[in-house]
Student: 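Here it is, the structure in full.
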Number of protein chains: 2
Amino acid sequence: MAHDTKDGAATILFNISAVERETGLSKDTLRVWERRYDFPHPVRDDNGDRAYTTGQIAKLRLIKRLLDQGHRPGKIIGLDDEHLERLVTEPAGDQPPRQDIAVYIRLVRSHQALELRRHLSQAMARQGLQKFVVDTVAPLTRAVGEAWMRGEIAVFEEHLYTELMEGLLRNAITALQPQGNAPRVLLTSLPNEPHNLGLLMVEAMLTVENALCIPLGTETPVTEIAQAAQAHRVDMVALSFSSAYPESKAIDALRELRSLLPDSTLLCAGGAGIARIRRRLDGIQLIIELEKMCELVRQWRAEHSSY
Amino acid sequence: MAHDTKDGAATILFNISAVERETGLSKDTLRVWERRYDFPHPVRDDNGDRAYTTGQIAKLRLIKRLLDQGHRPGKIIGLDDEHLERLVTEPAGDQPPRQDIAVYIRLVRSHQALELRRHLSQAMARQGLQKFVVDTVAPLTRAVGEAWMRGEIAVFEEHLYTELMEGLLRNAITALQPQGNAPRVLLTSLPNEPHNLGLLMVEAMLTVENALCIPLGTETPVTEIAQAAQAHRVDMVALSFSSAYPESKAIDALRELRSLLPDSTLLCAGGAGIARIRRRLDGIQLIIELEKMCELVRQWRAEHSSY
DNA sequence: GTCAACTATTTGTCTAGGACAACTCGGGCA
DNA sequence: TGCCCGAGTTGTCCTAGACAAATAGTTGAC
């Protein structure tokens with residue numbers, strides 16, 4: 001077991017805030033699960049505060065993934081690790097592990113930063129930027145995230161990967177200079193969503209499509225997004241959500257933002273946190289595939305061609 | 001009043017989750033402020049849930065800024081908008097504003113992203129990377145931060161500035177390929193320190209000095225930093241602290257990290273959060289001036305030259 | 001068998017008020 | 001000045017109850 005904690009000595013414990021951050025489950029949810037399902041059942045520290053183990057966090061993450069897949073808390077909390085593992089791996093095994101991804105992962109784990117960079121640069125040159133983003137960056141980033149969840153990749157290794165990939169994408173983006181009849185696209189994420197890679201992927205895709213991107217980085221409050229959209233007179237606003245982002249909060253915020261934007265402004269939301277949403281949301285484009293964004297840009301251009 | 005809501009019709013109201021997202025103040029904090037200071041005092045919706053107005057959110061943001069400047073909640077919550085505004089503008093004006101900086105600031109405020117980028121690029125080419133970082137990026141970033149504190153620059157404008165500058169620096173860094181007798185330097189920040197610009201400035205300075213930087217991005221836990229230092233066999237570890245980082249926590253973390261690193265590894269800490277520390281810390285280099293890092297690299301090289 | 005409508009159960013998030021550790025500030029002392 | 005201690009402040013945790021929204025299950029009509 002990767003996260004074995006039989007070391008007897010001072011096992012690291014996490015307070016409820018840390019668990020909220022790590023799992024994306026709110027403090028309220030954690031407490032009410034404990035009350036109802038008796039899991040997680042953390043020990044208490046000297047102050048009577050909950051103290052969670054890494055094992056509990058790992059199981060919570062597993063449960064979160066199953067919830068995202070449509071399972072219900074009452075049915076799966078309480079199952080032991082083996083059952084959960086079986087559930088989670090069952091519908092995942094549709095993809096045979098890709099050879100090139102495995103190579104990259106190996107480089108990440110062996111700290112060969114320069115080598116990794118070289119390989120990825122070559123892949124980018126070979127595939128072209130858009131194909132590189134869709135076929136390499138996206139699946140690789142997912143694979144790194146999953147390996148990290150399984151404890152196969154350390155935090156610092158994942159950090160270095162992210163940093164390296166950001167540099168690579170930013171570099172490629174700067175080299176392009178959009179012009180012409182381009183829609184103006186605002187790119188950002190909501191507070192508590194610090195992941196920038198997804199946004200950079202979109203920016204890369206769109207810049208190739210000759211759109212004019214205005215990247216605000218991550219964690220912009222809804223009201224600020226609305227102001228920025230007005231100030232920059234953008235045609236589209238695109239938000240990114242990682243899988244840890246709570247679905248209900250994403251929906252609330254999107255509705256809020258939709259009401260603050262002019263009707264003529266297109267509002268798009270994408271990322272793993274969006275992919276699982278079933279419902280239709282009025283006036284909001286849910287982006288499942290990266291290519292969809294490009295399509296929207298082309299569509300916009302067709303509708304706004306002045307010829 | 002800036003955010004007058006005399007439109008009579010359905011004023012948009014925000015629930016407590018939305019306010020948490022927009023202001024960064026936790027639900028607990030919002031409730032306890034209401035109990036203790038009677039502000040914010042939201043109306044209640046049909047379910048008895050708190051419903052905040054945009055005016056209240058604006059005031060909360062203002063208060064948040066003042067807290068970041070070192071004011072205390074009990075002293076300032078309860079003051080009316082005018083008093084708050086006066087507080088926020090007060091403690092400026094010690095420096096005569098530099099002409100070029102003022103020009104950049106004006107571009108930030110008028111959302112001329114492309115123009116700003118062009119100006120900065122030119123400055124970089126004119127000054128050279130190191131001088132650009134020390135004489136332009138550092139003071140400009142400080143000026144943007146201060147203008148934001150005073151409310152002269154909106155959050156989204158500051159975001160765009162940061163994003164643009166990151167792109168610029170990253171681009172310049174990638175263009176350089178260090179080699180030779182280079183010290184290996186690990187660059188990162190501690191959890192709760194999300195600012196990356198300072199790290200990029202250091203990386204730019206050091207890469208020009210021909211050091212081999214290993215950037216981990218921001219928010220790496222202490223133990224992970226120690227592991228990374230070992231895995232990458234680094235000669236130096238450099239951490240960045242912004243002014244908002246609590247001094248005592250910085251010192252604790254630095255001491256802990258020092259104890260986890262081999263004695264032969266140099267540990268450096270810099271940034272506005274470090275500049276105010278008076279005390280000497282054994283085995284830890286406090287970096288006040290960016291140039292100091294370059295000096296340390298040269299020193300290292302002198303000590304490790306194999307000739 | 002399929003679909004719609006209705007009811008039951010599940011589930012997340014809100015509420016209130018209490019407690020307390022960690023932090024800040026000011027005064028007193030070396 | 002520098003350091004320590006006590007008083008006051010402040011954010012985050014706690015318990016336990018309530019309820020709206022979402023989902024599952026049941027019934028009945030076609």
Side-chain angles (χ1 to χ4, degrees), chain A residues 13-21 23-52 60 63-64 66-78 245-253 255 276-281, chain B residues 13-21 23-39 41-52 60 63-64 66-78 192 244-252 276-280:
Chain A
L13 294 175
F14 297 81
N15 66 17
I16 199 168
S17 279
V19 178
E20 176 180 47
R21 191 166 8 92
T23 63
L25 299 163
S26 78
K27 294 174 201 148
D28 277 325
T29 302
L30 289 166
R31 285 195 272 255
V32 90
W33 279 9
E34 181 180 343
R35 210 194 305 166
R36 289 184 185 147
Y37 315 118
D38 198 38
F39 180 88
H41 193 98
V43 297
R44 300 304 180 110
D45 66 9
D46 302 340
N47 310 326
D49 292 1
R50 294 172 173 80
Y52 298 82
L60 285 170
I63 291 170
K64 181 83 189 316
L66 288 167
L67 294 189
D68 294 346
Q69 286 174 30
H71 289 89
R72 305 206 69 189
K75 307 280 176 187
I76 57 171
I77 306 179
Y245 205 93
E247 177 174 333
S248 60
K249 296 209 172 164
I251 292 175
D252 283 357
R255 289 227 176 94
R276 58 168 181 255
I277 295 180
R278 297 293 155 80
R279 232 180 316 169
R280 239 168 208 295
L281 298 175
Chain B
L13 293 176
F14 296 80
N15 64 21
I16 198 169
S17 277
V19 179
E20 176 180 48
R21 167 166 41 77
T23 64
L25 299 164
S26 77
K27 293 176 203 154
D28 276 325
T29 301
L30 289 166
R31 284 195 272 255
V32 91
W33 280 8
E34 182 179 342
R35 208 194 308 164
R36 288 184 187 148
Y37 315 119
D38 199 37
F39 179 88
H41 193 98
V43 297
R44 300 303 180 114
D45 67 8
D46 303 340
N47 309 326
D49 292 0
R50 293 171 174 79
Y52 299 83
L60 286 170
I63 290 171
K64 183 85 187 310
L66 288 167
L67 294 189
D68 292 344
Q69 283 177 40
H71 288 90
R72 306 205 68 188
K75 309 279 177 189
I76 57 172
I77 306 180
N192 296 317
Y245 205 94
E247 178 174 332
S248 58
K249 296 218 168 144
I251 292 175
D252 286 356
R276 59 167 182 257
I277 295 181
R278 296 293 156 81
R279 231 179 315 171
R280 234 170 211 296

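What's counted below: heavy atoms across the whole structure, side chains too, no hydrogens, waters or symmetry copies. Numbers restart at 1 for each chain; the letters A, B, ... are given by sequence-line order, proteins then strands.
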Student: Could you work out which one of D:dG11, C:dT11, C:dT13 sits closest to the side chain of A:Ser26?
Tutor: C:dT13

Student: Taking for each residue the nucleotide of DNA chain C bearing the nearest heavy atom, is the 5' side occupied by B:Arg35 or by A:Arg72?
Tutor: A:Arg72

Student: Could you check whether B:Asn47 gets within reach of a base, just the sugar-phosphate, or nothing at all, counting any heavy atom under 4.0 Å?
Tutor: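 Sugar-phosphate, no base atom in range.
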
Student: Tell me what B:Lys249 touches on the nucleic acid: a base, only sugar-phosphate, or nothing, going by heavy atoms under 4.0 Å.
Tutor: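 Sugar-phosphate, no base atom in range.
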
Student: Is the shortest side-chain N to carboxylate O distance from A:Arg44 to A:Glu34 below 4.0 Å?
Tutor: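 The answer is yes: the pair qualifies as a salt bridge.
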
Student: Nearest to the side chain of A:Asp28 - C:dC14, D:dT10, D:dC14?
Tutor: C:dC14

Student: Measure from the side-chain heavy atoms of A:Lys27 and tell me the nearest of D:dC13, D:dC14, C:dT11.
Tutor: D:dC13

Student: Given that A:Val32 and B:Trp33 both sit by DNA chain D, which one's nearest nucleotide is further toward the 5' end?
Tutor: B:Trp33

Student: By nearest atom, which of the nucleotides D:dC13, D:dG11, D:dT15 is closest to the A:Arg44 side chain?
Tutor: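 For A:Arg44, the side-chain atoms sit closest to D:dT15.
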
Student: Hey, is the main chain of B:Asp49 close enough, under 3.5 Å, to the side chain of B:Asn47 for a donor-acceptor pair?
Tutor: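 No; judged by distance alone, with no hydrogens or angles, the pair does not exist.
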
Student: Between B:Asp49 and B:Arg36, which residue's closest nucleotide on DNA chain C lies nearer the 5′ terminus?
Tutor: B:Asp49

Student: Between B:Arg31 and C:dT15, is there a side-chain N or O to OP1/OP2 distance below 4.0 Å?
Tutor: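 It does, given that an N or O in the side chain of B:Arg31 lies less than 4.0 Å from OP1 or OP2 of C:dT15.
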
